[in-house]
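Heads up: numbering here begins at 1 and tracks the sequence. Below, each value reflects all heavy atoms present in this structure, side chains not excepted, and no hydrogens, waters or symmetry copies. Atoms within a ligand are numbered from 1 in the order they appear, just like the ligands themselves.
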Amino acid sequence: MTEQKVAVVTGASRGIGKAIAMELARTGALVIVNYNGSREKAEEVKAQIEAEGNQAEIRQCNVADFKSCEDMFQEIISAHGRVDILVNNAGITRDGLLMKMSEEDFDAVVDTNLKGAFNCIRFASRQMLKQRSGRIISLSSVVGVYGNAGQANYAASKAGIIGLTKACAKELASRHITVNAIAPGFIETEMTEVLSEKVKEAAKAQIPFGTFGQPEDIAKTAAFLASDDARYITGQVICVDGGM
Ligand code: NAP
């Protein structure tokens, strides 16, 4: 009998992370639903996964904190003995034009979005190297590929994810650990809900599909990259953006 896979999804208390957690649980994995502040929402995600007859646990950890990430992975590995899938999804925005962007807003976004992914890869890959297998998927963004006015911090963090992905892919390939990034376009979540109608309409005008994507569009892509079928795909950035 093959052992049940253990999947860690950061920032899984809502939005895209929640959809990815639910989809990975449907593939039979035990899903660790990570959150930072939203405990109740994380508990709801766990309950929804269990209501579908699948398995989940919740774990609090601020991914920007190196030591907290070390502790989280140590706890997971001592409880379950393995980590098969890591999805670096936790992310924040603190938008503003360059001349108004504070040092704190730059650091907060880069620390969560980019350093957070590094921290988790650092500790998950140690276990994956022992297992000689693993799947690492990180959320970039079309903004990391093309840039966007008012998002210098966010674009830098998401472009950084691409470099991190490509470097780690080369480093870990010999042990059959794949490392890929997904670059979503505009997806309907709380992150995009806060945009003004004017900005939303301007965004839609740039999308050949003419509509925002759904979290499930990203979840299906993540589940494929996490599957055995994607075993020979590594170092890639998959844009899921309605043709942008
Ligand atoms: P969201 O609805 O704002 O959810 C963000 C999630 O990240 C929440 O679960 C939040 O949990 C968690 N989080 C934030 N800071 C954290 C930290 N320090 N440690 C652990 N968890 C943390 O965002 P989303 O729209 O689903 O986006 C998910 C990912 O996709 C992000 O990386 C985002 O940049 C990327 N993305 C989104 C879009 C889009 O259009 N929505 C487009 C491109 C890329 P707590 O509330 O518990 O802190």
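Under a 4.0 Å N-O distance rule, the pair Glu197/Lys200 qualifies as a salt bridge. Between Arg26 and Glu23 there is a salt bridge, with a side-chain nitrogen of the basic residue lying less than 4.0 Å from a carboxylate oxygen of the acidic one. A salt bridge does not link Lys220 with Glu216: none of the charged nitrogens is closer than 4.0 Å to a carboxylate oxygen. We find that Asp71 and Arg59 are not joined by a salt bridge, their nearest charged nitrogen and carboxylate oxygen being 4.0 Å or further apart.
Cluster membership check: Met191 does not share its hydrophobic cluster with Ile20, using side-chain heavy-atom separations under 4.5 Å among Ile, Leu, Val, Met, Phe, Trp and Tyr.
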One line per pair, note the atom names and distance for all nitrogen or oxygen contacts under 3.5 Å between ligand 1 and the protein.
unit_1, atom_1, unit_2, atom_2, d
ligand 1, 2 (O), Arg14, NH1, 3.4
ligand 1, 3 (O), Arg14, NH1, 2.9
ligand 1, 4 (O), Arg14, NH1, 3.2
ligand 1, 9 (O), Gly11, O, 3.1
ligand 1, 9 (O), Ser13, N, 3.4
ligand 1, 9 (O), Ser13, OG, 2.7
ligand 1, 11 (O), Ser13, OG, 3.2
ligand 1, 18 (N), Asn62, OD1, 2.8
ligand 1, 19 (N), Cys61, O, 3.4
ligand 1, 19 (N), Val63, N, 3.1
ligand 1, 25 (O), Thr189, OG1, 2.5
ligand 1, 26 (O), Ile16, N, 2.8
ligand 1, 32 (O), Asn89, O, 2.7
ligand 1, 32 (O), Lys158, NZ, 2.9
ligand 1, 34 (O), Tyr154, OH, 2.5
ligand 1, 34 (O), Lys158, NZ, 3.1
ligand 1, 40 (O), Gly185, O, 3.4
ligand 1, 40 (O), Ile187, N, 2.8
ligand 1, 40 (O), Ile187, O, 3.3
ligand 1, 41 (N), Ile187, O, 3.3
ligand 1, 41 (N), Thr189, OG1, 3.2
ligand 1, 46 (O), Arg14, NH2, 2.7
ligand 1, 46 (O), Ser38, OG, 2.5
ligand 1, 47 (O), Asn36, N, 2.9
ligand 1, 47 (O), Gly37, N, 2.8
ligand 1, 47 (O), Ser38, N, 2.8
ligand 1, 47 (O), Ser38, OG, 3.2
ligand 1, 48 (O), Gly37, N, 3.4

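By the side chain to side chain donor-acceptor pair (under 3.5 Å) test, Asp111 pairs with no residue at all, sequence neighbours left out.
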